[in-house]
Amino acid sequence: MPELAQFWGSDLMVGPTGDLALVDGTQEGQQRVVRRLLTNGGDYIWQLGYGAGLARFIGQPGGAQMIQATIRGQIFNETAVARTPEPVVTVDFSDDGQASVTIRYVDATSGQTEVLNFSVNA
């Protein structure tokens with residue numbers, strides 16, 4: 001079932017007819033992955049165990065490795081991500097401490113390789 005088009009950190013989108021835009025398939029899966037990874041654990045009151053809270057690792061020793069490990073531990077909770085081949089996660093830090101995350105994974109529905117990029121701020 002489609003859900004509202006709203007990528008983390010941006011506004012809801014308007015569809016071609018003026019209604020709220022919907023997404024499904026690959027875009028829906030990407031929205032769900034990013035939402036899970038950036039939501040702090042315990043912040044979603046209907047599911048307290050939901051969320052990886054990647055921002056808590058910014059500025060911490062070994063932050064890049066901790067972000068990679070957390071992503072690997074959380075990403076398979078989303079059905080959009082195929083288990084094989086295993087996703088490849090890259091984390092790079094800019095001079096201002098912002099983490100740039102790239103995840104290359106196979107979409108479980110389409111079988112296509114997808115690349116997901118997003119930033120994590122403290």
Side-chain angles (χ1 to χ4, degrees):
M1 181 164 88
E3 64 181 45
L4 292 174
Q6 194 272 324
F7 203 77
W8 186 274
S10 58
D11 292 330
L12 290 169
M13 298 168 63
V14 177
T17 61
D19 293 338
L20 290 175
L22 301 176
V23 294
D24 58 5
T26 299
Q27 287 182 319
E28 180 183 14
Q30 289 181 346
Q31 282 185 184
R32 288 175 175 242
V33 167
V34 172
R35 185 182 315 130
R36 175 178 294 280
L37 296 176
L38 296 180
T39 298
N40 294 318
D43 281 358
Y44 186 55
I45 61 171
W46 293 278
Q47 235 180 333
L48 295 175
Y50 178 90
L54 294 184
R56 65 190 158 131
F57 300 119
I58 303 296
Q60 299 295 319
Q65 294 82 6
M66 293 170 78
I67 289 172
Q68 287 174 324
T70 301
I71 290 172
R72 286 191 187 103
Q74 288 280 325
I75 198 162
F76 293 123
N77 289 325
E78 295 299 334
T79 58
V81 180
R83 293 196 169 270
T84 57
E86 190 158 324
V88 176
V89 179
T90 306
V91 179
D92 295 308
F93 282 96
S94 63
D95 292 337
D96 63 358
Q98 179 173 310
S100 175
V101 177
T102 302
I103 305 172
R104 180 180 300 272
Y105 70 97
V106 173
D107 184 275
T109 304
S110 70
Q112 299 294 313
T113 298
E114 299 294 335
V115 178
L116 181 57
N117 296 298
F118 60 94
S119 297
V120 181
N121 301 311

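Sequential numbering from 1 along the given sequence is applied to the chain's residues.
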Please table the atom pairs, donor to acceptor, closer than 3.5 Å between any side-chain atom in residues 107-116 and protein atoms at least two apart or in another chain.
| residue | atom | partner | partner atom | Å |
| --- | --- | --- | --- | --- |
| Asp107 | OD1 | Thr109 | N | 2.9 |
| Asp107 | OD1 | Ser110 | N | 2.8 |
| Asp107 | OD1 | Ser110 | OG | 3.4 |
| Asp107 | OD2 | Thr26 | OG1 | 3.4 |
| Ser110 | OG | Gln112 | N | 3.2 |

So how far is it from Thr39 OG1 to Leu54 CG, rounded to the nearest 0.5 Å? 9.5 Å
Could you name each residue pair satisfying ring pair (Phe, Tyr, Trp, His ring centres under 6.0 Å) that touches residues 71-95, not counting sequence neighbours? none
Validation row: Ile67, Leu37 side chains within 4.5 angstrom (heavy atoms): no
Taking the side chain as C-beta and beyond, is there a heavy-atom pair between Leu38 and Phe118 under 4.5 Å?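 Touching, per the 4.5 Å side-chain cut-off.
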May I have the list of side-chain donor-acceptor pairs in residues 98-106 shorter than 3.5 Å, sequence neighbours left out?
| residue | atom | partner | partner atom | Å |
| --- | --- | --- | --- | --- |
| Gln98 | NE2 | Ser119 | OG | 3.0 |
| Thr102 | OG1 | Asn117 | OD1 | 2.8 |

Pairs meeting criterion salt bridge (Lys or Arg N to Asp or Glu O under 4.0 Å) with involvement of [range], two or more places apart:
range          : result
residues 73-84 : Arg36-Glu78
residues 46-65 : none
residues 19-29 : Glu28-Arg32

Could you report the tightest heavy-atom contact between [X] and [Y], atom names first, then the distance?
X     : Y     : answer
Ile75 : Val81 : CG1-CG2, 3.7 Å
Ala21 : Val14 : CB-C, 3.9 Å
Ala52 : Gln74 : CB-CG, 3.6 Å
Gly53 : Asn40 : CA-OD1, 3.4 Å
Pro2  : Leu22 : CB-CB, 4.0 Å
Val89 : Gln68 : O-NE2, 3.1 Å

Hphob cluster co-occupancy, Leu48 + Trp46, side-chain heavy atoms under 4.5 angstrom: no
